Amino acid sequence: MSRRIFLVAAAVFAAMLGASGGVRAAEPMKVAASFSILGDMLKQVGGDRVQVFTFVGPNGDAHIYEPTPADAKELSESKILFINGLGLEGWMTRLEKSSGFKGTVVTASKGIIPHKMVEDEKTITDPHAWQSLANGKIYVANIRDALIAADPDGKASYEANAQKFLDGIAEMETTVKEAIAKLPPERRKIITTHDAFGYFGAAYGMEFIAPESVSTESEASAKDVAKIITQIKKEKIPAVFLENVTDSRLLDQISKETGAKIGGTLFSDALSPPDGPAGTYLDMFRNNIATLSEALSS
Ligand SMILES: [Zn+2]
């Protein structure tokens with residue numbers, strides 16, 4: 001080996017030692033989130049101690065998703081996988097298996113009271129628990145506890161970040177309740193594409209009716225659509241709202257046939273891109289409540 005090559009090799013070796021000594025401690029912990037809303041919560045609580053990979057991104061539909069080989073690679077390198085649970089991510093089991101993931105799976109909704117409904121004589125669990133801010137607090141606490149368990153050195157940081165986030169959620173709860181209290185009671189009943197707002201409705205006193213079920217997997221039948229059209233006319237339901245994760249055609253048609261106006265777009269199962277109107281969990285509520293208030297105030 002010439003002296004020159006030896007020196008280069010020694011320098012590379014020294015750099016590797018440096019990386020394994022000093023730098024590694026500051027390297028963020030890799031964690032994965034199934035969809036954008038959970039991804040934001042994880043970023044808020046984890047701060048710069050975590051590097052978050054999100055499978056279903058902005059405006060994406062978390063009910064139906066086709067994982068890619070890149071997803072499997074990211075998951076295999078993650079220490080914790082955060083999922084919503086309650087039947088939302090039917091595609092996850094296969095991804096977990098194909099990736100050879102060896103980390104911990106954390107169900108962020110653990111401890112919430114599930115909203116169940118009967119459809120076609122079957123009891124189904126509504127997965128959209130994040131649409132209640134009270135449940136959002138439970139998600140945040142579960143995320144905080146899981147991060148502390150995996151990275152005890154970060155305890156103070158995770159606790160401080162979580163507290164700040166919880167304070168923001170509590171503030172938003174007041175904002176949402178005050179805004180809905182201002183709406184005339186007869187206008188607190190609206191239509192969305194799929195049944196994503198059961199928890200929101202129960203928490204804040206609104207009724208959401210949808211031609212599609214709690215999952216976007218199956219399309220609304222002609223019979224379901226006809227039933228809703230009759231109901232809108234009979235109960236004088238004032239508005240239909242589009243969703244950022246669903247096709248607008250069905251509601252355009254319902255709006256045309258009933259005269260109910262299109263009230264705007266609600267963010268149901270995904271955030272907007274970061275520079276959009278609902279780039280974070282709290283901005284999603286801020287945007288949704290502004291959209292509802294504007295369309296439903298008489
Ligand atoms: Zn949904």
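Quantities reported herein were computed from a predicted structural model and do not represent experimental measurements. Indexing begins at 1, ligand by ligand and atom by atom, following the structure's order.
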Quick one: does Ser109's side chain get under 4.5 Å of Asn135's, heavy atoms only?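 Ser109 vs Asn135: side chains apart.
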Residue and atom names of protein N/O/S atoms that fall under 2.8 Å from the Zn ion (ligand 1):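 N, O, S partners closer than 2.8 Å: His63 NE2, His128 NE2, His194 NE2, Asp269 OD2.
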Among Glu219, Glu217, His128, Glu212, find the residue that satisfies the side-chain hydrogen bond (donor to acceptor under 3.5 Å, both in side chains) test when tested with His194.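 Looking at Glu219, Glu217, His128, Glu212, the match for His194 under the side-chain hydrogen bond (donor to acceptor under 3.5 Å, both in side chains) is His128.
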Relative to the ring of Phe285, is the ring of Phe200 parallel (under 30°), tilted (30 to 60°) or perpendicular (over 60°)?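 The arrangement is parallel - the two ring planes meet at less than 30°.
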Can you tell me how the ring of Phe197 sits relative to the ring of Phe208, calling it parallel under 30°, perpendicular over 60° and tilted otherwise?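 The rings of Phe197 and Phe208 lie parallel, inter-plane angle below 30°.
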Please write out which residues are connected to Ile64 in a hydrophobic cluster, directly or through intermediates, given that two of Ile, Leu, Val, Met, Phe, Trp, Tyr count as joined at side-chain heavy-atom separations below 4.5 angstrom.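 Its cluster mates, by chain and number: none.
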Establish, from distance only, whether the side-chain atoms of Ser221 and Asp224 form a donor-acceptor pair under 3.5 Å.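 Yes, because at least one side-chain N or O of Ser221 sits under 3.5 Å from a partner of the opposite role on Asp224.
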